[in-house]
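Remember, it's a predicted structure, so these values are computed and weren't measured experimentally. In what follows, every chain begins at residue 1, and chains take the letters A, B, ... in the order their sequences are listed.
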2 protein chains.
Amino acid sequence: MPRSQRTALTREDVLDAAANLVAQHGPEALTMRKLAAELGTAVTSIYWHVGNRETLLEELVTRTVREMGAITPSGRTPAQRVVSIARAQRRMLRERPHLIAMVHERGLTELMFLPAQQALVHEVHAAGLRGARAAEAVRAIEFHVIGFVLVERNRERSPVQHPAEGDLWTAQRADQDPALARALAAPPNSERLYLTATRALVNALLGQ
Amino acid sequence: MPRSQRTALTREDVLDAAANLVAQHGPEALTMRKLAAELGTAVTSIYWHVGNRETLLEELVTRTVREMGAITPSGRTPAQRVVSIARAQRRMLRERPHLIAMVHERGLTELMFLPAQQALVHEVHAAGLRGARAAEAVRAIEFHVIGFVLVERNRERSPVQHPAEGDLWTAQRADQDPALARALAAPPNSERLYLTATRALVNALLGQ
DNA sequence: ACCTGAACACCGTTCAAGT
DNA sequence: ACCTGAACACCGTTCAAGT
């Protein structure tokens, strides 16, 4: 949908159109020529507004980092509140896969997670951890959350597996445990797995 | 270093040169023209041997998957052996960052991890878990290992953080805990963090 | 201040032609 | 069976020129 010709092209117009392209089809779909076509202008006017492709992407990343912020923990115990933070983060991350991937690539994950990190510090403190030990717990949780979402995304994007998942697991291979073989042959229930793993880790770290 | 002109170019020559380029500078450094220059041939002879760029990368990925295999757990208890598997995997993954990233992108992580997965099943079984519960434990550990390495890589590749890490954390923000603030301001000790997090998770999952 | 087309140096890929 | 150069359709970017 080309933009109305009535008003002059603005930097915001360019950024919005670019964000749209990236959100829908990923950064590789953002070519300067496609973007120009989308906006109904010459390729070169884009350069006037945003410099070049790299700074354009950079700007989209900065926007995303700014947007990710509000964290409101819920639950009675510190452990429950930490788990609620972890779940909220996963949800937010999964809503913007392409943009988040770009934030990752540019090494701004840390900055993006600062608000959540502060909330985690608060909870870990409430659970009685202090100093270096508290810091390690916070980081272990952060790595877990981000790592899980990365792995999850990865699996979802993946094309058909070379050997289909089911073929890899037979009862013989699973030490004669057919139920185990069946469970490993099926795709994992990420929601449930995330909750189990998060709870296990948090409980172990907070020592409860 | 251009290859000797004495013998005919083989498919292996092409793959080796490509693997070198990718291992050193990442897949974006692999252009057909650079590769041809490296091999001292015309761009188009590469096509005769390997089809096109995509199948060339595909072949490198297949090689990498094949190479990652041998896992020999060590330790007395199942929990210790699981931790030893997790550590070995992290080491192997960190040795081939670019190639591993390509395996991830193509969704072959699962296949690559099958041998390790079988070892994990064995240990989880030895710890007394069965059926769906055992499967979930295995998967939680796998997600943890892969996720951790992904996050770690991510942080290492990252350029200078927009606000330097130290600036983000002051004692006020850390609930009046200077030691905590100091720990969060410094870059994490990944080795130690990995061990702590892995042990916490494994112990919680195996119920020991 | 904003927009334009032409031109440049790169890509991956195809193809007809050579040996 | 293997290799070649020419040509095509794409890129991002620069620049002098327009209004």
Side-chain angles (χ1 to χ4, degrees), chain A residues 1-63 98-99 101-102 105-106 159, chain B residues 1-63 98-99 101-102 105-106 159:
Chain A
M1 51 189 110
R3 141 201 102 83
S4 142
Q5 302 287 354
R6 308 265 289 294
T7 58
L9 186 67
T10 69
R11 185 179 156 86
E12 288 314 303
D13 291 336
V14 177
L15 289 173
D16 289 343
N20 256 331
L21 273 174
V22 171
Q24 285 177 38
H25 307 106
E28 75 284 357
L30 179 68
T31 76
M32 302 304 261
R33 283 170 168 84
K34 264 190 216 154
L35 184 54
E38 194 77 11
L39 290 163
T41 42
V43 194
T44 42
S45 30
I46 293 171
Y47 283 83
W48 196 89
H49 283 103
V50 295
N52 59 16
R53 185 173 183 272
E54 193 45 38
T55 66
L56 172 54
L57 289 174
E58 215 79 27
E59 188 52 43
L60 295 185
V61 164
T62 308
R63 271 187 172 195
H98 294 304
L99 286 164
M102 286 168 55
E105 276 161 25
R106 282 156 185 77
Chain B
M1 50 189 110
R3 143 200 102 83
S4 141
Q5 303 286 356
R6 309 264 290 293
T7 57
L9 185 67
T10 69
R11 185 180 156 85
E12 287 314 302
D13 291 335
V14 176
L15 289 173
D16 289 342
N20 256 331
L21 273 174
V22 171
Q24 285 176 39
H25 307 107
E28 75 283 357
L30 180 68
T31 76
M32 302 305 260
R33 283 170 166 85
K34 264 190 214 153
L35 183 55
E38 192 78 10
L39 290 164
T41 42
V43 194
T44 42
S45 29
I46 293 170
Y47 284 82
W48 196 89
H49 284 102
V50 295
N52 60 14
R53 184 173 184 272
E54 195 45 38
T55 66
L56 172 53
L57 290 175
E58 215 78 26
E59 188 54 43
L60 295 184
V61 163
T62 308
R63 272 189 171 193
H98 294 304
L99 287 165
M102 285 169 53
E105 276 160 26
R106 281 159 185 75

Check: So what is the 5' to 3' dot-bracket string for DNA chain D, if pairs are Watson-Crick or G-U wobble with both distances under 3.5 Å, crossing pairs use [ ] and | means the partner sits on another strand?
Finding: ||.|||||...|||||.||
Check: Between the base of C:dG12 and the side chain of B:T31, is there any donor-acceptor pair under 3.5 Å?
Finding: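 Side chain to base: no pair below 3.5 Å.
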Taking [atom1] from [X] and [atom2] from [N], how many angstroms apart are they, rounded to a whole number?
X     : N      : atom1 : atom2 : answer
B:I46 : D:dT4  : CD1   : C1'   : 13 Å
A:E12 : C:dC2  : CD    : P     : 13 Å
B:Y47 : C:dT14 : OH    : P     : 7 Å
A:L39 : C:dT4  : CG    : P     : 11 Å
A:M32 : D:dG12 : CE    : C1'   : 7 Å

Checklist line | Of A:K34 and A:G51, the one whose closest DNA chain D nucleotide lies more 5' | finding: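 Going by which nucleotide is closer to the 5' end, it is A:K34.
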Closest to the [X] side chain: [options]?
X     : options              : answer
B:V43 : D:dC3, C:dT13, C:dG5 : C:dT13
B:W48 : D:dT4, D:dA1, C:dC2  : D:dA1
A:R33 : D:dC3, C:dA1, D:dG12 : D:dG12
A:S45 : D:dC3, D:dA6, C:dT4  : C:dT4

Notebook entry, point to check: For A:N52 and D:dT13, is the shortest distance between a side-chain N/O and OP1 or OP2 below 4.0 Å?
Noted result: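 True: A:N52 side-chain N/O within range (under 4.0 Å) of D:dT13 OP1/OP2.
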Note to self: Would you say that B:V50 contacts B:E59 through its side chain, given a criterion of any heavy-atom pair below 4.5 Å between the two side chains?
What the structure shows: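 No. Closest side-chain heavy atoms not under 4.5 Å.
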Note to self: I want to check something: taking the side chain as every heavy atom from C-beta on, are B:V14 and B:R11 in contact at a cut-off of under 4.5 Å?
What the structure shows: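 No. Closest side-chain heavy atoms not under 4.5 Å.
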Item checked: Given DNA chain C, 5'-ward residue of the pair B:L30 and A:A42, judged by closest heavy atom ->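 The residue closer to the strand's 5' end, by nearest nucleotide, is A:A42.
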Next item on the list: Starting at CG of A:N52, measure out to CE of A:M32 and round the result to the nearest 0.5 Å.
Entry: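 Between atom CG of A:N52 and atom CE of A:M32 there are 6.5 Å.
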Notebook entry, point to check: Quick one: CG on A:N20 to CG on A:L30, what's the gap to the nearest 0.5 Å?
Noted result: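 If I round to the nearest 0.5 Å, the distance is 11.0 Å.
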Note to self: Please determine whether side chain to side chain contact (heavy atoms under 4.5 Å, CB included) holds for the pair A:M102 and A:H98, giving the CA-CA distance in whole Å, both sets of side-chain angles, and the decisive distance to 0.1 Å.
What the structure shows: CA-CA 6 Å; A:M102 286 168 55; A:H98 294 304; 5.5 Å; no
Margin query: Applying side-chain contact (heavy atoms from CB on, under 4.5 Å), can you list everything that pairs with B:T31, at least two apart in sequence or on another chain?
Written below: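 Partners of B:T31 under the side-chain contact (heavy atoms from CB on, under 4.5 Å) test: B:R33, B:K34.
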Next item on the list: Would you please test B:L57 and B:R106 for side chain to side chain contact (heavy atoms under 4.5 Å, CB included) and show each step?
Entry: CA-CA 10 Å; B:L57 290 175; B:R106 281 159 185 75; 3.6 Å; yes
